[in-house]
Amino acid sequence: MQREQISIPKILLYVLFALLAYVLQSSLFGTWSIRGYHLDLLPAIVAAAALLDGPMEGAVVGIVVGLFYDLGFIGVDGLYPIFFLLFGLIAGAMSRLALSRNYVSMLLLNAFEMTVLGLLRYFAYLLPQKGASFVLVLQQIVGGVLLASVFCFAVYLPMRKISRSFDTR
């Protein structure tokens, strides 16, 4: 069995891209609202890294994105890095087995990830502490997923360019 090589410069570029997206999302995009929904592109970074490069890159980027979530968003501390780590591993393994490395696969992974993340937020934080309505939360989840799906190309194209610049195949 051959061991997978991880490119440290590629991971660093992914982390810098995630940091840029986090800064833009928490400052500029955080104030924008499109029909009551806020743009959240951080989960798309994990989906793109896992899809384009595999489970190890997805896991590392997932931990970083999870830490950014813990820094900037309200919720259960430590839950986001664990969630994104596991998602990066699972999505990377799935991308090796069943998904092609294209934009449609990334949209599907991102939609699934954001839906599970929204439900996790609801059951771990909103329901026990605030008693939020499931229908309203589901509406916000679906709207957020649709909005992120429209703008996912802004994550996929740069991530694909980074991945291809380090691809040795």
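Surrounding OH of Tyr37 are more than 12 heavy atoms belonging to other residues, nucleotides or ligands, all under 6.0 Å away.
Of the inter-residue distances, the one linking Gln139 atom CD with Ser133 atom OG reads 9.5 Å to the nearest 0.5 angstrom. Leu24 contributes atom CG, which lies 9.5 Å from atom CG of Leu41 (distance to the nearest 0.5 angstrom). Here the straight-line distance linking atom CG of Leu42 with atom OH of Tyr22 works out to 8.5 Å at 0.5 Å rounding. Between atom CD1 of residue Ile63 and atom CD1 of residue Ile82 there is a gap of 10.0 Å, rounded to the nearest 0.5 Å. Rounded to the nearest 0.5 Å, atoms CG (Asn110) and SG (Cys152) are 4.0 Å apart. The line from CZ of Arg101 to CZ of Arg164 is 7.5 Å long, rounded to the nearest 0.5 Å.
Hydrophobic clustering of Ile, Leu, Val, Met, Phe, Trp and Tyr side chains at less than 4.5 Å, counting indirect connections, unites Met106 with Val150. Linking ILVMFWY residues whenever their side-chain heavy atoms come closer than 4.5 Å, directly or via other members, places Met56 and Met94 in the same cluster. If you chain together hydrophobic residues whose side chains sit under 4.5 Å apart, Ile162 and Val23 fall into the same group. Grouping the Ile, Leu, Val, Met, Phe, Trp and Tyr side chains by contacts below 4.5 angstrom, directly or via other members, places Leu67 apart from Leu86. Tyr156 and Leu19 fall within the same hydrophobic cluster, where Ile, Leu, Val, Met, Phe, Trp and Tyr residues are linked whenever their side-chain heavy atoms come under 4.5 Å apart, directly or through other members.
Annotation: Phe84 is in aromatic contact with Tyr69 [ring centroid separation under 6.0 Å].
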Give every donor-acceptor pair under 3.5 Å between a side-chain atom in residues 44-52 and any protein atom, sequence neighbours left out.
none

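Pairs engaging residues 102-120 under the salt bridge (Lys or Arg N to Asp or Glu O under 4.0 Å) rule: none recorded [sequence neighbours left out]. Within the structure, every pair that satisfies the salt bridge (Lys or Arg N to Asp or Glu O under 4.0 Å) test and touches residues 10-21, not counting sequence neighbours, is listed here: Lys10-Asp53.
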*Go through Arg121 and Tyr80 one step at a time and tell me if the side chain to side chain contact (heavy atoms under 4.5 Å, CB included) criterion holds.*
CA-CA 9 Å; Arg121 274 188 202 140; Tyr80 294 121; 3.2 Å; yes

_Gln25 vs Leu39, test: side chain to side chain contact (heavy atoms under 4.5 Å, CB included). Steps then yes/no._
CA-CA 8 Å; Gln25 183 171 313; Leu39 183 60; over 6 Å; no

*asked:* Walk me through whether Phe166 and Leu13 qualify under side chain to side chain contact (heavy atoms under 4.5 Å, CB included).
replied: CA-CA 11 Å; Phe166 288 95; Leu13 284 174; 3.5 Å; yes

*Does the pair Tyr103 and Phe153 meet the rule for a ring-ring contact (aromatic ring centres under 6.0 Å, His included), with working shown?*
CA-CA 8 Å; Tyr103 183 64; Phe153 70 90; 7.5 Å; no

_Full working for side chain to side chain contact (heavy atoms under 4.5 Å, CB included) between Tyr122 and Ile141_ = CA-CA 10 Å; Tyr122 175 72; Ile141 291 171; 5.6 Å; no

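The side chain to side chain contact (heavy atoms under 4.5 Å, CB included) search around Pro158 returns Phe17, not counting sequence neighbours.
Residues Leu79 and Ala124 come closest through the heavy atom pair CD2-CB, 3.9 Å. Here the closest heavy-atom approach between residue Ser105 and residue Ser100 is recorded as OG-O, 3.0 Å. The two residues Asp40 and Met114 come nearest to each other via the heavy atoms O-CE, 3.8 Å.
Here Leu16 sits alone; no ILVMFWY side chain lies under 4.5 Å from its own, so it joins no hydrophobic cluster. Members clustered with Val135: none, using a 4.5 Å side-chain heavy-atom cutoff among hydrophobic residues.
No donor-acceptor pair closer than 3.5 Å links the side chain of Ser163 to the backbone N or O of Arg160.
Pro43 pairs in a side-chain contact (heavy atoms from CB on, under 4.5 Å) with only one of the listed residues (Leu117, Val116, Leu109), which is Leu117.
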